[in-house]
There are 2 protein chains.
Amino acid sequence: MNALFKALNDPTRRAILERLRNGPASAGAIAEQFHFSAPTISHHLDLLRQADLVTSQKQGQFVVYTLNMTVFDELLGWLYQFKS
Amino acid sequence: MNALFKALNDPTRRAILERLRNGPASAGAIAEQFHFSAPTISHHLDLLRQADLVTSQKQGQFVVYTLNMTVFDELLGWLYQFKS
DNA sequence: ACTTTACTTAGACATTTGTCTAATTAACGA
DNA sequence: TCGTTAATTAGACAAATGTCTAAGTAAAGT
């Protein structure tokens with residue numbers, strides 16, 4: 001839960017998630033959209049993975065990141081307790 | 001949106017929100033539950049207010065904090081775009 | 001009036017965070 | 001086998017964050 005909120009607490013990481021809504025993408029393809037260095041994006045992807053918001057598979061040279069939506073259920077569950 | 005995720009990215013602040021589910025409470029009453037100093041809790045409450053997650057009204061000596069659930073709709077809306 | 005109670009503001013400080021450059025690893029292509 | 005491309009790891013650094021103590025403000029009690 002901590003890792004989840006931590007991962008979501010950054011506009012770049014949220015934008016990456018939104019990017020991944022359109023389907024899986026390689027680290028490089030993701031990085032192209034942002035004006036940050038590759039290591040920075042790599043670090044963001046790492047935090048997203050720690051929160052289990054994305055998964056990654058190595059495909060040849062590339063590392064393909066995929067959105068994992070099941071984690072959102074946890075968040076929805078937490079939110080739901082406030083909806084009386 | 002930034003203020004919202006920022007406010008949620010701390011276990012103490014989330015615990016305060018959960019405390020407030022049981023109804024409004026004064027800053028002091030909230031602070032009693034935690035082993036942090038009053039200024040620290042006051043600061044957390046400030047961040048929650050900045051995110052509009054709580055409102056505060058002064059009642060005599062006391063400052064009563066109330067959960068504002070309407071903000072969760074914004075979060076639910078953001079989440080919803082991922083639920084294909 | 002003075003003291004106490006409730007809370008916030010101000011300022012300090014260690015830790016965490018987001019970013020960078022440089023170096024490293026791994027796969028591909030000629 | 002060598003150079004290129006894709007990505008991560010390592011290390012540095014400024015900025016943001018969470019905590020504290022001390023000081024300030026304001027309402028209530030006596």
Side-chain angles (χ1 to χ4, degrees), chain A residues 1-20 22-68 71 75 78, chain B residues 1-20 22-68 71 75 78:
Chain A
M1 205 64 174
N2 254 313
L4 178 56
F5 282 111
K6 175 176 173 174
L8 293 176
N9 185 30
D10 181 275
T12 302
R13 288 195 289 273
R14 293 196 299 273
I16 290 174
L17 292 178
E18 287 165 18
R19 162 69 171 84
L20 256 22
N22 306 330
S26 70
I30 293 168
E32 274 175 10
Q33 295 191 321
F34 303 94
H35 60 294
F36 295 122
S37 68
T40 293
I41 298 298
S42 185
H43 177 234
H44 283 311
L45 288 168
D46 187 38
L47 290 178
L48 290 172
R49 199 175 3 170
Q50 282 176 39
D52 207 30
L53 282 161
V54 303
T55 59
S56 64
Q57 313 96 38
K58 182 137 197 177
Q59 289 186 8
Q61 284 177 290
F62 300 86
V63 177
V64 173
Y65 285 84
T66 307
L67 186 61
N68 175 28
V71 191
L75 185 48
W78 184 82
Chain B
M1 206 64 174
N2 255 313
L4 178 55
F5 282 111
K6 175 177 173 173
L8 292 176
N9 185 30
D10 180 275
T12 302
R13 288 194 289 271
R14 293 197 298 272
I16 290 174
L17 292 178
E18 287 165 17
R19 162 70 172 81
L20 256 24
N22 305 330
S26 70
I30 293 167
E32 273 175 10
Q33 295 191 322
F34 303 94
H35 60 294
F36 295 122
S37 67
T40 293
I41 298 299
S42 186
H43 177 234
H44 283 311
L45 288 168
D46 187 38
L47 290 178
L48 289 171
R49 199 173 1 163
Q50 282 177 40
D52 207 28
L53 283 161
V54 303
T55 58
S56 64
Q57 314 95 37
K58 182 138 198 174
Q59 290 185 9
Q61 283 177 289
F62 300 87
V63 177
V64 173
Y65 285 85
T66 307
L67 187 60
N68 175 29
V71 190
L75 185 46
W78 185 81

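Below, chain A is the first sequence line, B the second, and so on; all start at residue 1.
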Problem set entry | Short side-chain N/O contact from A/Lys58 to OP1 or OP2 of D/dA7, under 4.0 Å | no
For this session: For A/Gly60 and for A/Ser37, locate the closest nucleotide of DNA chain C by heavy-atom distance; then report the residue assigned to the nucleotide nearer the 5' terminus.
Result: A/Ser37
For this session: Would you indicate what A/Phe34 reaches in the nucleic acid, counting non-hydrogen atoms under 4.0 angstrom: base, sugar-phosphate, or nothing?
Result: nothing
For this session: Quick one: do B/Leu75 and B/Phe5 satisfy side chain to side chain contact (heavy atoms under 4.5 Å, CB included)? Show the steps, please.
Result: CA-CA 9 Å; B/Leu75 185 46; B/Phe5 282 111; 3.6 Å; yes
For this session: Kindly indicate, with the supporting measurements, whether the criterion side chain to side chain contact (heavy atoms under 4.5 Å, CB included) is fulfilled by B/Val54 and B/Leu17.
Result: CA-CA 8 Å; B/Val54 303; B/Leu17 292 178; 4.0 Å; yes
Seminar exercise, completed: By nearest-heavy-atom nucleotide on DNA chain D, the more 5' of B/Thr40 and A/Ser26 is A/Ser26
For this session: For the side chain of B/Ala27, starting at C-beta, report the closest nucleotide among C/dT19, D/dT21, C/dC7.
Result: C/dC7
Problem set entry | Atom pair distance, as rounded to whole Å: NE2 in B/His43 and C1' in C/dT9 | 11 Å
For this session: Side chain of B/Phe36 only, please: which of D/dA7, D/dT9, D/dT19 is the nearest?
Result: D/dT19
Problem set entry | Whole angstrom value for the distance that separates P of C/dA27 from CD of A/Gln61 | 9 Å
For this session: Would you classify A/Ile30 as touching base, sugar-phosphate or nothing, given that sugar-phosphate means primed atoms plus P, OP1 and OP2, and contacts are heavy atoms under 4.0 Å?
Result: nothing
Seminar exercise, completed: When rounded to whole Å, the CG to C1' distance for the pair B/Asp46 and C/dT9 reads 10 Å
Problem set entry | Atom pair distance, as rounded to whole Å: CD1 in A/Ile41 and P in C/dT17 | 18 Å
Seminar exercise, completed: Minimal heavy-atom distance between B/Val71 and B/Ala51, with the atoms involved, is CG1-O, 3.7 Å
Problem set entry | Euclidean distance, atom CD1 of residue A/Ile16 to atom P of C/dG18 [Å, nearest integer] | 11 Å
Problem set entry | Any A/Tyr65 side-chain N or O less than 4.0 Å from OP1/OP2 of D/dT8 | yes
For this session: Could you grab the distance from atom CG of B/Leu67 to atom CD of B/Glu18, nearest 0.5 Å is fine?
Result: 10.5 Å
Problem set entry | Distance, rounded to the nearest Å, where B/Asn9 contributes CG and D/dT17 contributes P | 9 Å
Exercise. Separation of B/Phe5 atom CZ from D/dT17 atom C1', in whole Å?
Worked result: 19 Å
For this session: Can you see which heavy atom on B/His44 is nearest to which on B/Arg13, and at what distance?
Result: ND1-NH1, 3.0 Å
For this session: Select one nucleotide: of D/dA7, C/dA6, C/dT9, the one nearest the side-chain heavy atoms of B/Phe62.
Result: C/dA6
Exercise. Is the distance from OP1 or OP2 of D/dT17 to the nearest side-chain N or O of B/His44 less than 4.0 Å?
Worked result: no
Exercise. Checking all strands, does B/Asp10 fall into the base, sugar-phosphate, or nothing category for heavy-atom contacts under 4.0 angstrom?
Worked result: sugar-phosphate
Problem set entry | Nearest-Å distance for atom pair CD/P, residues B/Gln59 and C/dT5 | 21 Å
